[in-house]
Amino acid sequence: MKKLKSAREIPIGTAIEDAGCSREYHTGSWRNFRPIHDKEKCVNCLTCWIYCPDGCVQVKDGKVVEFDLKYCKGCGICAEECPAKGKAITMVPEEKKE
Amino acid sequence: MPRVAAMTGNNAVAESMRQINPDVVAAYPITPQTELSEEFAEFVANGKVDTEYVTVESEHSAMSACIGASAAGSRVLTATSSAGFALMWEMLPIASGTRTPVIMTVVNRAFSAPINIHCSHDDTMGGRDAGWIQLYSENSQEAYDNMIQAVRIGEDMSVRLPVMVAMDGFIISHAVERLELLDDESVKKFIGPYQSVNPLLDTKKPVTYGALALQDYYMESKWQQSAALLNSKAKILEVAAEYKKLTGRSYGLFENYKLDDAEVAIVIINSAAGVAKMVVDELREKGIKAGVLQPRVYRPFPHEEIREALKNIKAIAIMDRTDAFGAGGTPTFTEVTSALYGLTNPPKVINYVYGLGGRDIRVEDIHGVYQRLTEIAKTGKTGKMFEYLGVRK
């Protein structure tokens with residue numbers, strides 16, 4: 001476990017001096033539902049990429065590749081907004097993901 | 001060269017603000033502070049200061065803008081009263097928690113209801129635990145002097161806390177008094193240039209303000225803030241000593257008025273302390289050993305020093321221009337009695353609520369209190385501990 005800093009070691013006013021430190025906070029552990037991507041149905045409109053509040057939709061050459069599960073909270077906004085016929089993203093309960 | 005002027009409390013504070021020449025002021029007018037913010041707006045409009053004046057839509061926004069501007073890296077002042085202070089409430093602990101040294105004049109006014117525009121200390125006494133340094137002022141001169149010292153205290157690298165400067169609404173804010181003002185150059189030299197800590201506008205060193213801190217860091221953050229406030233006492237005295245060299249006017253944690261050999265004493269803040277001191281002079285002429293302890297620094301509260309100053313007094317009346325409804329006495333009463341706790345032969349204490357909503361505290365009223373104290377000192381019997389002074393029942 002990471003050693004916590006003392007009150008004398010932290011910056012005053014609890015300012016955070018390291019930019020981008022939310023990378024260290026793995027919100028993926030909150031997830032109950034996992035987004036499952038269907039490449040066949042996906043039209044790569046990137047609506048999910050626009051809506052994802054955590055920037056978890058990984059895109060390469062204009063195409064959706066995968067979801068970054070380290071940060072995906074399973075909120076389901078991507079699945080809700082997906083305009084593809086028959087939905088290219090479905091939310092599956094974590095315990096049934098296999 | 002110092003100037004002698006006739007000014008209201010609001011004029012005097014506006015003048016101190018002109019001389020401080022802050023980077024940002026965000027304020028919303030409210031009686032009895034209105035004249036102050038109007039006058040400062042005039043300085044801005046006439047190019048007398050370099051200040052960015054943010055005309056906000058409420059006091060909640062005023063304090064938010066102040067915190068943001070301070071975090072951005074600028075010297076920030078504001079002012080408010082009563083309900084405006086209450087509307088800032090959410091932001092007050094954010095200013096102290098983010099350690100942004102905003103300086104705010106509070107022109108004391110009663111809380112509603114019933115609506116009343118005159119003086120009670122409900123606002124600043126209500127906000128005494130918001131983590132700000134609090135300085136109280138008897139008159140325009142003290143309000144002016146406290147403002148200039150507040151900048152140095154709050155911005156000091158060992159402190160970095162917001163500071164409130166309180167003065168009585170109407171009684172001081174609207175009454176013309178003689179006072180001595182410093183020249184602009186002396187004020188500029190005394191306060192020095194603003195030094196920022198982690199300014200948001202430094203794009204080469206990006207920082208985050210006001211982020212989440214949960215079970216792992218919240219307590220460390222609060223301990224750090226608490227220690228800074230407690231430790232500010234030394235800096236407050238250091239700044240006062242330096243200010244005395246400049247002006248000849250001396251300030252401490254509280255004023256000890258003829259307490260050293262006193263048998264009876266009143267503890268009282270702001271303008272009414274002037275009346276009490278006058279009564280003490282009258283009583284001393286009759287051979288009655290009376291004194292006054294007038295707190296100036298209310299946060300951090302100088303417990304040890306007050307215990308030392310009061311320990312040999314026989315009977316003390318602690319008087320507040322506010323009530324702490326349902327508590328075991330008014331705010332200053334609970335502070336002072338906790339300071340006296342542990343003494344083997346502590347003074348007898350009584351507690352008065354006086355002057356609410358601007359009701360006059362008359363010379364006869366104070367004489368009456370000293371008379372009762374003399375009786376208590378003689379008999380050792382306190383009688384009723386908590387009382388509203390001069391209320392029709």
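The figures here come from the full heavy-atom set of this structure, side chains too, leaving out hydrogens, waters and symmetry mates. All of these numbers come straight from a predicted model, not from anything done at the bench. Note on naming: letters A, B, ... go to the chains in the order of the sequence lines (proteins, then strands), and numbering restarts at 1 for each one.
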_For Ala26(B) versus Val56(B), what's the shortest heavy-atom pair and its separation?_
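So the two residues come closest at CB-CG1, 4.5 Å.
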*Between Lys235(B) and Glu238(B), is there a salt bridge with N-O shorter than 4.0 Å?*
yes
*asked:* Between Arg296(B) and Ser137(B) (side chain of the first, backbone of the second, donor and acceptor by atom type, cut-off under 3.5 Å), is there such a pair?
replied: no
*Look at the side chain of Arg307(B) and the backbone N and O of Ala339(B), then say whether any donor-acceptor pair between them is shorter than 3.5 Å.*
yes
_So which residue, Ala213(B), Pro206(B), Ala211(B), ends up with the most heavy-atom pairs under 4.5 Å with chain A?_
Pro206(B)
_Sequence-distant partners of Ala150(B), side-chain contact (heavy atoms from CB on, under 4.5 Å), two or more places apart_ = Ile103(B), Leu135(B), Val163(B), Val165(B)
*Tell me, please, whether Phe190(B) has Arg152(B) positioned over its six-membered ring: NZ or CZ under 6.0 Å from the ring centre and within 45 degrees of its axis?*
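Pair Arg152(B)/Phe190(B) counts as cation-pi.
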Considering only heavy-atom distances, could you tabulate the donor-acceptor pairs under 3.5 Å between chain B and chain A?
{"unit_1": "Asn198(B)", "atom_1": "ND2", "unit_2": "Glu17(A)", "atom_2": "OE2", "d": "3.4"}
{"unit_1": "Thr208(B)", "atom_1": "N", "unit_2": "Ile16(A)", "atom_2": "O", "d": "2.8"}
{"unit_1": "Thr208(B)", "atom_1": "O", "unit_2": "Ile16(A)", "atom_2": "N", "d": "2.9"}
{"unit_1": "Tyr217(B)", "atom_1": "OH", "unit_2": "Lys5(A)", "atom_2": "N", "d": "2.7"}
{"unit_1": "Ser221(B)", "atom_1": "OG", "unit_2": "Thr14(A)", "atom_2": "OG1", "d": "2.6"}
{"unit_1": "Gln224(B)", "atom_1": "OE1", "unit_2": "Gly13(A)", "atom_2": "N", "d": "3.4"}
{"unit_1": "Gln224(B)", "atom_1": "NE2", "unit_2": "Ala7(A)", "atom_2": "O", "d": "3.2"}
{"unit_1": "Gln224(B)", "atom_1": "NE2", "unit_2": "Ile10(A)", "atom_2": "O", "d": "3.1"}

